[in-house]
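Presented below is the structure to which this report refers.
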Amino acid sequence: MARSTAQSKLRDRLCSIYKDILVVNNISLAEEVAKMLTVNYRHLIHACDTEVAKINVKQETPVDHGEIICFSIYSGSEADFGGGKSCIWVDVLDGGGKEILNKFAEFFQDSSIKKVWHNYSFDCHVIQNYGFKVSGFHADTMHMARLWDSSRRWVGGYSLEALTGDKGVMFGAKLDHEKDLIGKVSMTTIFGLQKLKKDGSMGKMITIDPVDVLQRDERIPWICYSVLDARSTLMLYESLKSHLSNMPWNLDGVPVLRKNMYDFYQQYWRPFGELLIKMESEGMLVDQLYLKEIEKVAKAEQEAAVNRFRKWASRYCPDAKYMNVGSDAQLRVLLFGGTLNRKNPVEAIPSERIFKTPNVDKVIEEGKKAPSKFRDIKLNSIGYNLNVEMYTPSGWPSVSGDALKVLAGKVSAEYDFIDACDMVLDDEDGNPSQSEVLPVEIDKSAYGTAFSAFPTEEEGKEACHAIAALCEVCSIDSLISNFILPLQGDNIAGKDHRVHCSININTETGRLSARRPNLQNQPALEKDRYKIRQAFIAAPGNSLIVADYGQLELRILAHLANCKSMLEAFEAGGDFHSRTAMNMYPYIREAVEKKEVLLEWHPQPGEEKPPVPLLKDAFASERRKAKMLNFSIAYGKTPVGLSKDWKVSVKEARRTVDLWYNDRKEVLKWQEERKKEACETQCVHTLLGRARRFPKIDPAFSYHKGHIERAAINTPVQGSAADVAMCAMLQISNNKKLKKLGWKLLLQVHDEVILEGPTESAEVAKAIVVECMSKPFNGKNFLKVGLSVDAKCAQNWYAAK
DNA sequence: ACGGGCCGCGCC
DNA sequence: AAAGGGCGCGGCCCGT
């Protein structure tokens with residue numbers, strides 16, 4: 001173990017702040033200091049930071065997890081806690097545990113004492129784990145930084161270290177970067193130890209002791225490290241406050257008088273941040289027994305499908321019996337061995353390759369006594385050239401579900417293959433092979449592109465069934481490994497058996513994202529073959545309310561572009577996509593006008609079926625295209641992409657796109673304006689005035705330009721929808737009646753919110769939620785378009801959709 | 001054993 | 001030459 005000289009120097013510099021630190025390591029001192037905070041210095045802004053042990057931040061939620069070992073508070077240089085010391089460091093580990101923490105309860109709980117944090121969610125949860133709620137939240141520098149520049153993800157990111165180390169961010173600080181240590185320094189930089197190699201040189205492996213060990217064994221650097229977090233947070237806050245204050249605030253394109261983006265932060269994102277933490281604390285109740293049940297079913301179905309595929313594949317490649325059908329590398333060799341890389345034709349998929357695979361059959365390899373954990377299998381190509389229609393971004397043939405579906409066609413995955421050894425026996429006996437025995441009545445249209453790659457129809461047919469089975473394996477596998485298993489992980493749930501995902505404001509557009517686990521990507525109803533959403537339940541006596549916006553993004557687009565036709569269509573109500581189709585195709589309009597088809601149908605009492613066909617049935621393909629365009633155009637999809645989806649020429653796709661724009665000229669104009677704005681000002685804005693920045697377009701990369709242009713037309717739509725959803729959530733959360741009835745927000749999925757509360761008030765609450773969402777701006781809706789909201793209550797997420 | 005790249009895929 | 005925006009996450013595989 002060794003320290004580099006650079007590390008030693010940095011540690012020396014770090015320790016120079018020790019003289020400013022009051023170390024609080026006993027109860028009576030804690031009492032004294034806490035009193036100064038809550039009385040003498042209560043008017044100051046305090047940056048706080050905790051250090052936490054016994055938590056695996058990559059896997060666990062801080063709700064009900066983690067132990068605070070120390071915390072630090074910095075209230076600016078004017079505070080003096082004795083002897084000119086301006087920083088407080090409190091030893092929770094050896095200074096009194098929960099008792100010492102309790103001395104600061106009043107400070108943390110006082111709503112009039114302003115506290116700033118970096119990533120407040122984490123600290124808030126770990127402090128709340130000790131039984132007192134944290135109040136007086138003034139700012140989260142992570143969110144402020146995101147609001148100031150949402151595009152740092154790939155260039156620096158939003159860690160305290162990255163932000164405070166960036167001179168472009170810290171411009172407000174009147175400090176000398178060279179002389180004063182103002183930026184956070186990571187734990188690895190200060191405490192990381194490099195293992196020495198045998199020859200005495202520095203190795204690459206860096207180890208780091210657990211934080212509680214550091215606190216005891218590296219006391220002074222550790223104390224300084226911890227305090228520096230609080231100090232740099234306060235300086236970051238000041239800097240970002242200046243930045244945001246210098247950004248004018250435009251609401252729906254109109255300047256908000258004498259207000260700037262710091263005001264925006266305080267008005268919207270600060271309360272929103274606090275709301276998200278509340279939602280994280282609530283968590284969702286998950287029915288573990290139910291998950292166990294569907295896990296069994298899913299695994300059985302998966303195994304059946306795996307066996308079908310392996311049985312077929314082993315005819316062409318004996319070791320395929322043991323292959324991992326979930327490995328894209330193995331599938332690639334088997335199905336596409338010998339194929340060249342499209343981007344780099346020097347590389348090819350090997351026709352034969354050795355893979356390591358779990359030794360399930362306990363095969364004892366040559367020269368070994370006991371079966372090893374893994375063994376080698378040799379996979380080879382099936383030997384027929386399958387048509388490659390889809391490629392991965394790096395140029396290899398794709399083995400994704402979509403690509404496999406093209407190969408398989410629309411055939412059933414249920415098909416019983418005979419064993420490879422049976423085939424061999426038949427051949428050896430000179431008996432007719434299977435293909436000649438079976439009736440050869442084949443409807444070729446159902447089979448995919450794999451069919452014709454094989455020498456006989458029977459072989460082609462079986463290949464399609466086998467690949468269909470493979471598709472099924474993949475889809476079941478993804479349901480099991482992405483949803484069914486993670487939701488049962490014991491690291492996921494808190495003490496209350498509820499799942500507390502973290503809900504983050506961390507996207508470039510302002511949408512939320514969810515992690516550990518991601519509850520925003522649970523299977524949609526149609527694809528949810530195991531009804532996973534049924535596992536999300538309300539507690540006994542409670543119900544869930546699930547409320548979602550109808551065509552939120554399209555409505556936003558209609559508003560932003562001020563598109564007459566779209567606004568009228570929404571005004572008229574009914575099926576928006578049908579109306580789009582009618583406006584695109586004159587013959588559909590004619591049919592509607594002649595009352596040969598109905599735009600939509602509201603059954604009258606006694607009416608069994610509509611008097612004339614519905615548009616969506618009579619012109620199904622036109623409506624499908626219209627619907628697809630409605631969704632695609634806001635994302636910036638091009639005729640080239642659409643031509644692939646629709647399997648038509650680019651020219652044909654372009655004509656259809658033109659039909660869509662025909663009565664929506666304003667949209668085209670608006671999109672051109674956004675592209676121009678992005679190009680000229682490197683910025684576009686959302687409804688509430690949040691900006692998204694873009695880098696200057698580098699003419700050397702035209703793809704770059706395309707991406708920026710698409711993001712420029714999408715961000716105002718997606719971001720404004722996020723703004724609306726946020727406002728709605730704030731309305732819901734501030735609603736006194738809902739609060740009194742005991743209804744709480746649990747989750748947001750972009751245009752959908754989920755609440756839980758007492759069943760007896762579910763209907764009343766539902767009506768309030770709908771009202772809040774329909775009028776999300778302080779009880780009003782200033783948009784040129786109405787907001788439609790659909791809401792249901794039920795015992796679980798599946799039933800409430 | 002762990003981290004990162006790649007692929008693929010779930011959602012809106 | 002490629003051509004839909006925004007996410008998180010799991011498995012595999014290869015590097016250290």
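Side chains are part of it too, since the values below use all heavy atoms of this structure and drop only hydrogens, waters and symmetry mates. Please read all numbers here as calculations on a predicted model, not as lab measurements. So you know, we letter chains A, B, ... as the sequences are listed, proteins then strands, and number each from 1.
For A/Arg533, no side-chain nitrogen or oxygen approaches OP1 or OP2 of B/dC11 to under 4.0 Å. Under 4.0 angstrom from either OP1 or OP2 of C/dG10 there lies no side-chain N or O belonging to A/Ser478. Side-chain N/O atoms of A/Ser400 include one lying less than 4.0 angstrom from OP1 or OP2 on B/dC9. Phosphate proximity of B/dG10 to A/His750: absent, as no side-chain N or O sits under 4.0 Å from OP1 or OP2. Phosphate contact (OP1/OP2 of B/dG8, side-chain N/O of A/Arg332, threshold under 4.0 Å): present. Close to C/dG5, at under 4.0 Å from its OP1 or OP2, lies a side-chain N or O of A/Arg710. Checking the phosphate oxygens (OP1, OP2) of B/dG10, no side-chain nitrogen or oxygen of A/Arg529 falls inside 4.0 Å. Residue A/Asn482 places none of its side-chain N or O atoms closer than 4.0 Å to OP1 or OP2 of C/dG8. Contact annotation: A/Gln330 reaches the phosphate of C/dC13 (side-chain N/O to OP1 or OP2, under 4.0 Å).
Ring geometry for A/Trp797 versus A/Phe536: interplanar angle over 60°, hence perpendicular rather than tilted (30 to 60°).
Salt-bridge annotation for A/Glu673 and A/Lys669: present, with a side-chain N of the basic residue lying under 4.0 Å from a carboxylate O of the acidic one. The existence of a salt bridge linking A/Glu672 and A/Lys676 is excluded, since no basic side-chain nitrogen approaches an acidic carboxylate oxygen closer than 4.0 Å.
Environment of NZ in A/Lys675: crowded, with over 12 heavy atoms of neighbouring residues, nucleotides or ligands closer than 6.0 Å.
Computed from coordinates, the A/Lys405 NZ to B/dG8 P distance equals 13 Å when rounded to whole Å. Rounded to an integer number of Å, the gap from CD of A/Glu526 to C1' of B/dC9 is 15 Å. Atom CD of A/Glu752 and atom P of B/dC11 are 12 Å apart (whole Å). In this structure, the CD1 atom of A/Ile532 is 14 Å from the C1' atom of C/dC9, given to the nearest Å. Between A/Leu479 atom CG and B/dC11 atom C1' there is a gap of 13 Å when expressed in whole angstrom units. Atom CG of A/Leu519 is separated from atom P of C/dG10 by 12 Å (rounded to the nearest Å). At whole-Å resolution of the value, CG in A/Asp548 and P in B/dC11 are 15 Å apart. A/Gln488 places its CD atom 14 Å from the P atom of C/dG10, with the value rounded to the nearest Å.
Across all strands, A/Gly706 comes closer than 4.0 Å to no nucleic acid atom at all (heavy-atom distances). Residue A/Gly719 is out of contact with every strand shown, counting any heavy-atom pair closer than 4.0 Å. Here A/Ser398 lies in heavy-atom contact (under 4.0 Å) with sugar-phosphate atoms only. Within the nucleic acid shown, A/Lys527 comes within 4.0 Å of sugar-phosphate atoms alone, with no base atom in reach, counting heavy atoms only. Using a 4.0 Å heavy-atom distance criterion, A/Glu553 is classed as making no nucleic acid contact. Among the heavy atoms of the strands lying under 4.0 Å from A/Arg692 are primed sugar atoms or P, OP1, OP2 only; no base atom is included. Residue contacts shown for A/Ser632 include a base, since a base heavy atom lies under 4.0 Å away.
A/His750 is linked by a side-chain hydrogen bond (donor to acceptor under 3.5 Å, both in side chains) to nothing, counting only residues two or more places apart in sequence or in another chain. Remark: A/Arg664 engages no residue in a salt bridge (charged side-chain N to carboxylate O under 4.0 Å, His left out) (not counting sequence neighbours). Here A/Glu389 pairs with nothing under the side-chain hydrogen bond (donor to acceptor under 3.5 Å, both in side chains) rule; sequence neighbours left out. For A/Asp528, the side-chain hydrogen bond (donor to acceptor under 3.5 Å, both in side chains) test picks out no residue, with sequence neighbours left out. In this view, A/Arg511 and A/Glu553 satisfy the side-chain hydrogen bond (donor to acceptor under 3.5 Å, both in side chains) rule, not counting sequence neighbours.
Less than 4.0 Å separates DNA chain C from at least one heavy atom of each of the following residues of residues 638-648 of chain A: A/Thr638, A/Val640, A/Gly641. Contacts between residues 505-515 of chain A and DNA chain C, defined by a heavy-atom separation below 4.0 Å, involve A/Asn506, A/Thr507, A/Glu508, A/Thr509, A/Arg511, A/Ser513, A/Ala514, A/Arg515, listed by number.
The side chain of A/Gln718 approaches C/dG5 more closely than any other nucleotide in the set C/dG11, B/dG8, C/dG5. Out of B/dG8, B/dC12, B/dC11, the shortest distance to the side chain of A/Val399 is found at B/dG8.
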Watson-Crick or G-U pairs under 3.5 Å in DNA chain C, rendered as dot-bracket with [ ] for crossing pairs and | for another strand | ....||||||||||||
Indicate every side-chain donor-acceptor pair of residues 649-658 of chain A with a distance under 3.5 Å to a residue at least two apart or in another chain.
from     : atom 1 : to       : atom 2 : distance (Å)
A/Ser649 : OG     : A/Glu652 : N      : 3.0
A/Thr656 : OG1    : A/Glu652 : O      : 3.1

Validation: residues 709-716 of chain A side-chain donor-acceptor distances under 3.5 Å, sequence neighbours left out:
from     : atom 1 : to       : atom 2 : distance (Å)
A/Asn714 : OD1    : A/Gln718 : NE2    : 3.3
A/Thr715 : OG1    : A/Arg692 : NH1    : 2.9
A/Thr715 : OG1    : A/Ala711 : O      : 2.8

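There is no side-chain donor-acceptor pair under 3.5 Å between A/Tyr290 and A/Glu295.
For the C1' atoms, the distance linking C/dA2 with B/dC9 amounts to 22 Å, nearest Å.
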Taking only nitrogen or oxygen atoms into account, show me every contact under 3.5 Å that the protein makes with nucleotides 3-5 of chain B, one pair per line with its distance.
none

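One cannot find a donor-acceptor pair under 3.5 Å joining the base of C/dG8 and the side-chain atoms of A/Asn518.
For residues 328-346 of chain A, the set of pairs meeting the side-chain hydrogen bond (donor to acceptor under 3.5 Å, both in side chains) definition, not counting sequence neighbours, comprises A/Asn344-A/Glu347.
A/Tyr635 qualifies as a stacking partner of the C/dG5 base, centre to centre under 5.5 Å and near-parallel within 30°.
Remark: the backbone N or O of A/Ser513 is paired with a side-chain donor or acceptor of A/Asn504 at under 3.5 angstrom. The backbone N or O of A/Thr61 sits less than 3.5 Å from a side-chain atom of A/His65, completing a donor-acceptor pair.
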